[in-house]
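Since the structure comes first, as structure tokens, the remarks are kept for the end.
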Protein chains: 2
Amino acid sequence: MKQPGYLDVQRPVSPSRLKIACSNCNLRELCLPVGLSEGEMQQLDEISHLKRGYARGDYLYRSGDKFQSLYAIHSGSFKTQVLHEDGREQVTGFQMVGEIIGLDAISTEHHTCDAVALEDSEVCELPFDKLEALSREIPSLQRHLHKIMSREIVRDQGIMLLLGSMRAEERLAAFLLNLSQRFAARGLSPTQFQLRMSRREIGSYLGLKLETISRAFSHFQEDGLISVKVRSVEILDLPRLHSFVGK
Amino acid sequence: MKQPGYLDVQRPVSPSRLKIACSNCNLRELCLPVGLSEGEMQQLDEISHLKRGYARGDYLYRSGDKFQSLYAIHSGSFKTQVLHEDGREQVTGFQMVGEIIGLDAISTEHHTCDAVALEDSEVCELPFDKLEALSREIPSLQRHLHKIMSREIVRDQGIMLLLGSMRAEERLAAFLLNLSQRFAARGLSPTQFQLRMSRREIGSYLGLKLETISRAFSHFQEDGLISVKVRSVEILDLPRLHSFVGK
DNA sequence: CGCCGGATTGAAGGTACTCAATCCGTGTGG
DNA sequence: CCACACGGATTGAGTACCTTCAATCCGGCG
């Protein structure tokens, strides 16, 4: 049952991005790795399949689940979080359309974090053993997979830098700029967007409390850097927001 | 799934897993991936070679360098760090014998961090294109390589949890326990060891200032948890140190 | 309408930082 | 051989930033 607004919206996206192809997910442009032939795309499509119907709060997988597949986000968005036995939780990332999640589970063959939908979402499941087999046959796919994993490592390093050496408002500015870039890469506005996550979730991701996030938003607004009303954000002064990070 | 040690920054290295073989580096036992035949080991050895003579402070690679190879540490130890334009630096990891560094560079084909020797060290260079070619032929090597990359992602998630939600002394306790496990995995004492890094480097890694590290060491010593004299550490009460993390 | 969760704002408090003095071990030069 | 300098480490005092606790606001929904 095709819902309006999902599959028919083709979003122009920079073609060089590192995403696994998934044409039955209608994400060919987003996901197309450089240099894959039609036939090879076909093979990739054959091993993957779409899973629909995730609603806000639904788990795509949980920490401890047996690892079977990677997932390419086809629509919507997710957060990943690790839980500590004492109840503390740390959001480790927010993933949006075209991004791959589940890479953490390869090492132990069990997932090490939870993946939770932030809104109505669909994913494209990529069984990992089939993906490995295919990447042995297609070197460009192999390299592509390695790049995706490496890119995740680089991303994590960036978050470590943020958590380890930035003050609260710098962290939030860096976060907003990161969202801005990722929206822009999907052909959406880099300056006007809806946050899909709560203040608490942003705080967890940035190593801060929700009140601190709220205050920082208010302060940015007073300074004329952004306009924010609950979850809708407009960046008014992108250059100044940039210069604010690492000031 | 979640045993004590679950949230440690780096997981213990069980000797039979997750290391690329490197017999000309004398690391066969540590590095041997499960299920590689003698002949396959031979092939791996043929593509790799030893590089000697790194002294404390020497760079194995720098941020921006063209990516050619991964490196398995054969002797000694390294730190990896990312630098921010304003001069801030963040240590992203300390690597010891048998661990693989350079994975960050695959995504952009340029290194995104510096790798600096902490003491006299030797590495085994693994040209990445040859490693990829070999892993297409040897599925168990392919899986092994994927696990190494995934493990790095999991490690980074652990550091994010640490940086995002632990207080200073918890961070240091987690750090010491992590070192302890990794020394134990190498047949060294889990309770008595020499730190190879300065207070400042530990602080950078843990998102704290060097004075805070020093105070936390002193406090642990007053509490009878450890005995510390500059860089030589003895853990006196491992269980209590464990329970201290996530208290 | 009233409830609920999320968000905002205020005030007080605590943790880690900053600045600074001192100590200590190592290496160097008189 | 000792004096001295140097960098790393330790310790103290005052401060800044973020957290904690609390009250209030706001929008959605039964």
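By convention in this document, chain letters (A, B, ...) are assigned in the order of the sequence lines, proteins followed by strands, and residues within each chain are numbered from 1. Because the structure is predicted, anything quoted here is derived from the model rather than measured.
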Protein-nucleotides 23-28 of chain C N/O pairs under 3.5 Å:
none

Got a list of protein N/O to nucleotides 9-11 of chain C N/O distances below 3.5 Å?
from   : atom 1 : to     : atom 2 : distance (Å)
C:dT9  : OP2    : A:S218 : OG     : 2.5
C:dG10 : N7     : A:R215 : NH1    : 2.8
C:dG10 : O6     : A:R215 : NH2    : 2.9
C:dA11 : N6     : A:R215 : NH2    : 3.3

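B:H219 places its NE2 atom 12 Å from the P atom of C:dA16, with the value rounded to the nearest Å. Separating the CD1 atom of A:I213 from the C1' atom of D:dT19 is a distance of 12 Å, rounded to the nearest angstrom. A:E201 places its CD atom 13 Å from the C1' atom of C:dG5, with the value rounded to the nearest Å. Rounded to an integer number of Å, the gap from B:I226 CD1 to D:dT10 P is 10 Å. In this structure, A:I202 atom CD1 and C:dT8 atom C1' are separated by 14 Å, rounded to whole Å. Atom CZ in A:R199 sits about 4 Å away from atom P in C:dT8, given to the nearest Å. Rounded to whole angstrom, the span from the CG atom of A:L163 across to the C1' atom of D:dC18 amounts to 15 Å. The NZ atom of A:K209 sits 15 Å away from the P atom of C:dA7 (whole-angstrom rounding).
For the pair B:R62 and B:Y59, the cation-pi criterion (under 6.0 Å, within 45° of the ring axis) is fulfilled.
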Derivation of the side-chain contact (heavy atoms from CB on, under 4.5 Å) call for B:V91 and B:T80: CA-CA 6 Å; B:V91 172; B:T80 48; 5.8 Å; no

Give the C-alpha distance, both sets of side-chain angles, the deciding distance and a yes or no for side-chain contact (heavy atoms from CB on, under 4.5 Å) between B:Y61 and B:C113. CA-CA 8 Å; B:Y61 53 77; B:C113 64; 4.2 Å; yes

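Within the structure, no pair that satisfies the salt bridge (charged side-chain N to carboxylate O under 4.0 Å, His left out) test touches residues 214-225 of chain B, not counting sequence neighbours. Within the structure, salt bridge (charged side-chain N to carboxylate O under 4.0 Å, His left out) pairs that include any residue of residues 191-201 of chain A comprise A:R56-A:E201, A:K79-A:E201, A:E119-A:R196 (at least two apart or interchain).
Side-chain nitrogen and oxygen atoms of A:R200 include none within less than 4.0 Å of the OP1 or OP2 phosphate oxygen of C:dG6. An OP1 or OP2 oxygen of C:dA7 is reached within less than 4.0 angstrom by a side-chain nitrogen or oxygen of A:R231.
In DNA chain D, the stems built from three or more successive Watson-Crick or G-U pairs (distances below 3.5 Å) are C:1-30 with D:1-30.
Partners of B:D65 according to the salt bridge (charged side-chain N to carboxylate O under 4.0 Å, His left out) rule, which considers only residues two or more places apart in sequence or in another chain, do not exist here.
Ion pairing of A:R88 with B:E170 is present here, as a side-chain N (NZ or NE/NH1/NH2) and a carboxylate O approach within less than 4.0 Å.
Remark: A:K229 NZ is loosely packed, at most 12 non-hydrogen atoms of other residues, nucleotides or ligands lying under 6.0 Å away. The number of heavy atoms from other shown groups lying within 6.0 Å of NZ (A:K209) does not exceed 12.
Taking the six-membered ring for Trp and thresholds of 30 and 60 degrees, B:H111 and B:F67 have ring planes more than 60 degrees apart, a perpendicular arrangement.
Among all heavy-atom pairs drawn from A:S75 and A:V97, the shortest one is CA-CG2, 3.7 Å.
The distance between the ring centers of A:F78 and A:F94 does not fall below 6.0 angstrom.
Residue B:M197 is the one, among B:M197 and A:M166, whose nearest nucleotide of DNA chain D lies closer to the 5' end (criterion: closest heavy atom). Comparing A:G207 and B:R56 against DNA chain D, the residue whose closest nucleotide sits nearer the 5' end is B:R56.
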